[in-house]
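Report on the structure given below.
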Amino acid sequence: MLDLNQIRQEIDDIDNQILSLYQKRMEKAKEVAEYKIHIGKPVLDKEREKQKIEALTNQASNEFHRHGIEGLFSQLMAISRKLQYQILQKNGILEPVSFQQVPSVKIENQKVRVVFQGVEGAYSQVAMKKYFGEQVISCHVATWAEAMELVQEEKVDFAVLPIENSTSGFVGDIYDLLTEYDNVIVGEVYIKVSHALLGVEGATKESIKTVYSHPQGFLQCSEYLKQHKNWNIVSQLNTAISAKKVLEDNQISQGAIASEFAAKTYGLTIIEKEINDDKSNTTRFVIITKNKIYEEHANKVSIYFEVEHESGSLYSILSHFMFHHINITKIQSRPIKNKPFEYGFFLDFEGNLNDSFVNNVLQGVKEEVIKFKIIGNY
């Protein structure tokens, strides 16, 4: 019978040999980095790695070992690159990030110019006031793209845009705009969504026949609406526009699902409060600006990247974060335009652009992807 302890001892002996060889291999990786510093050669040499992996796997005795050898040496090469990035950074070779650290993203001793999408009374306006306070010069536009355009053209300092809801998920159009424009995220603010049924003076639940709201507003109040199946549901661009329409039409047969802030803005009656299904429903808004800045205590980095459409490409990129023990808080895929069924990735992780290990990760990711952008540090 096989002796398990003996087998384990033999495995330990082999592991010690592997350990010694691993450390010798990393010493050679240092020499490679020094050589690349001297001649200005990039760390990643995809063709060389491809040839090396092919030569090694061709020596495998069976298909299982072939896959194992491919995985093992792919990881060894990836670790080698990470070591080389560290050495290049210590020698000041890596390209610095194009962001500037500032004490505060808000403009001191000056009223900031802020744009939000929608009309007066929108949740975006609530988010704007929560982040910047009352002392702002604000304007509103019909679309998120218009808001991004005003920021890009420096006609305003900031835009406030919704990017994610705890119930209905992410806002895909905002993610797309963050890749189309050279604007960045410098802050975020969370607003609790508390919908109410609004109407003009004299309106009651019994008098209501038509209700206006944004499609998400209807979705978030679906259980409440099931109790009133006789109501005619009509979608609008957003909840605040719905409240404005009810005011302008001035009919007790019309109601709007919107915020209590919208009711106050348009002088509407709150027929019933907190009608949304999930009372903890919250929307995350991001603060957008053109200037590539971040605050000293910023602790979240957002990036966008596109990888080769092949096996293991995404895993290879994520390994940079695992290696440096960086916590990824969110990863979201979006279709790439003109590339059917191929996807780009938005990724949020904990860190600050002033951290050396964050810069190591960003440099590694940048070198090994097709397209890369730092969306912001906030």
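Residue numbers run from 1 in the order of the sequence given.
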Is the Tyr304 ring parallel, tilted or perpendicular to the Phe346 ring (thresholds 30°, 60°)?
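Tyr304 and Phe346: tilted rings.
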Using the rule that Ile, Leu, Val, Met, Phe, Trp and Tyr join whenever any side-chain heavy atoms are under 4.5 Å apart, tell me whether [X] and [Y] fall into a single cluster.
X	Y	value
Ile87	Val43	yes
Ile370	Val365	no
Phe99	Val301	yes
Tyr85	Phe323	yes
Val119	Val246	yes

Counting distance only, does the side-chain N/O of [X] pair as donor-acceptor with the main-chain N or O of [Y] below 3.5 Å?
X	Y	result
Gln152	Met148	no
Glu274	Ala196	no
Ser242	Asn238	yes
Lys373	Leu178	yes
Asp278	Ser280	yes
Thr179	Asp176	yes
Asp277	Ser222	yes
Asn360	Lys82	no
Lys209	Trp231	no

Where is the tightest heavy-atom contact between [X] and [Y], given as atom of each residue plus distance?
X	Y	answer
Asn352	Glu295	ND2-O, 3.6 Å
Ala127	Val160	CB-CG1, 3.8 Å
Leu83	Ala29	CD2-CB, 4.0 Å
Ser166	Asn281	OG-OD1, 3.3 Å
Asn359	Gln89	CB-NE2, 3.2 Å
Ala258	Ala262	CB-CB, 4.0 Å

[X]: which residues meet the side-chain contact (heavy atoms from CB on, under 4.5 Å) condition with it, sequence neighbours left out?
X	result
Ile252	Val200, Ala203, Ser207
Lys155	Leu150, Glu153
Glu310	Lys46, Glu308, Ser313
Ile39	Tyr35, Lys41

Measuring from atom [atom1] of [X] to atom [atom2] of [Y], what distance do you get when rounded to the nearest 0.5 angstrom?
X	Y	atom1	atom2	value
His297	Gln101	NE2	CD	8.5 Å
Asn299	Asp355	CG	CG	10.5 Å
Lys90	Ile37	NZ	CD1	11.0 Å
Ile11	Leu4	CD1	CG	8.0 Å
Ser74	Ile69	OG	CD1	11.0 Å
Asp12	Asn5	CG	CG	10.5 Å

Under the salt bridge (Lys or Arg N to Asp or Glu O under 4.0 Å) test, which residues partner [X], sequence neighbours left out?
X	answer
Lys30	Glu27
Lys226	Glu223
Lys292	Asp182
Lys330	Glu164

Could you walk me through whether Thr329 and Asp348 satisfy the side-chain hydrogen bond (donor to acceptor under 3.5 Å, both in side chains) test, starting with their C-alpha distance in whole Å, then the side-chain angles of each, then the deciding distance to 0.1 Å, before giving a yes or no?
CA-CA 6 Å; Thr329 58; Asp348 295 345; 4.7 Å; no
Considering residues, nucleotides and ligands other than Asn338, do more than 12 of their heavy atoms fall under 6.0 Å from its CG?
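Counting neighbours around CG of Asn338, 12 or fewer heavy atoms of other residues, nucleotides or ligands fall under 6.0 Å, so no.
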Enclosure of Lys36 NZ (heavy-atom neighbours >12, cutoff 6.0 Å):
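Yes, enclosed.
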In a table with atom names and distances, give each donor-acceptor pair under 3.5 Å that connects a side chain of residues 130-145 to protein atoms at least two apart or in another chain.
unit_1 : atom_1 : unit_2 : atom_2 : d
Lys130 : NZ     : Tyr190 : O      : 2.8
Glu134 : OE1    : Lys129 : NZ     : 2.9
His140 : ND1    : Gly118 : O      : 3.1
Thr143 : OG1    : Glu146 : N      : 3.1
Thr143 : OG1    : Glu146 : OE2    : 3.0
Trp144 : NE1    : Gln117 : OE1    : 3.3

Which pairs, with at least one residue in residues 352-378 and sequence neighbours excluded, count as a ring-ring contact (aromatic ring centres under 6.0 Å, His included)?
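The answer is none; no pair qualifies.
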Residue that, paired with Asp157, satisfies salt bridge (Lys or Arg N to Asp or Glu O under 4.0 Å) out of Lys106, Arg113, Lys111:
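Running salt bridge (Lys or Arg N to Asp or Glu O under 4.0 Å) over Lys106, Arg113, Lys111 with Asp157 returns exactly one hit, Arg113.
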Would Ile7 and Asp3 satisfy side chain to side chain contact (heavy atoms under 4.5 Å, CB included), going step by step from the backbone distance to the final call?
CA-CA 6 Å; Ile7 295 171; Asp3 186 337; 5.9 Å; no
Val114 versus Val156: any side-chain heavy-atom pair under 4.5 Å?
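With C-beta onward as the side chain, the pair stays apart.
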Would you kindly say whether [X] and [Y] are connected by a side-chain donor-acceptor distance under 3.5 Å?
X	Y	value
Asp13	Gln9	yes
Lys245	Gln236	no
Ser194	Lys279	no

Side-chain atoms of residues 212-221: list all donor-acceptor pairs with protein atoms under 3.5 Å, sequence neighbours left out, distances to 0.1 Å.
unit_1 : atom_1 : unit_2 : atom_2 : d
Tyr212 : OH     : Gln254 : NE2    : 3.4
Ser213 : OG     : Ile257 : O      : 2.9
His214 : ND1    : Gln216 : N      : 2.9
Gln216 : OE1    : Ser168 : OG     : 3.2
Gln220 : OE1    : His195 : NE2    : 2.8

Could you list the donor-acceptor pairs under 3.5 angstrom formed by side chains in residues 263-272, with sequence neighbours left out?
unit_1 : atom_1 : unit_2 : atom_2 : d
Thr265 : OG1    : Phe261 : O      : 2.8
Tyr266 : OH     : Glu120 : O      : 2.5
Glu272 : OE1    : Lys205 : NZ     : 3.1
Glu272 : OE1    : Tyr224 : OH     : 2.8

Run the side chain to side chain contact (heavy atoms under 4.5 Å, CB included) check on Leu314 and Phe305 step by step: do they pass?
CA-CA 10 Å; Leu314 178 58; Phe305 60 89; 3.9 Å; yes
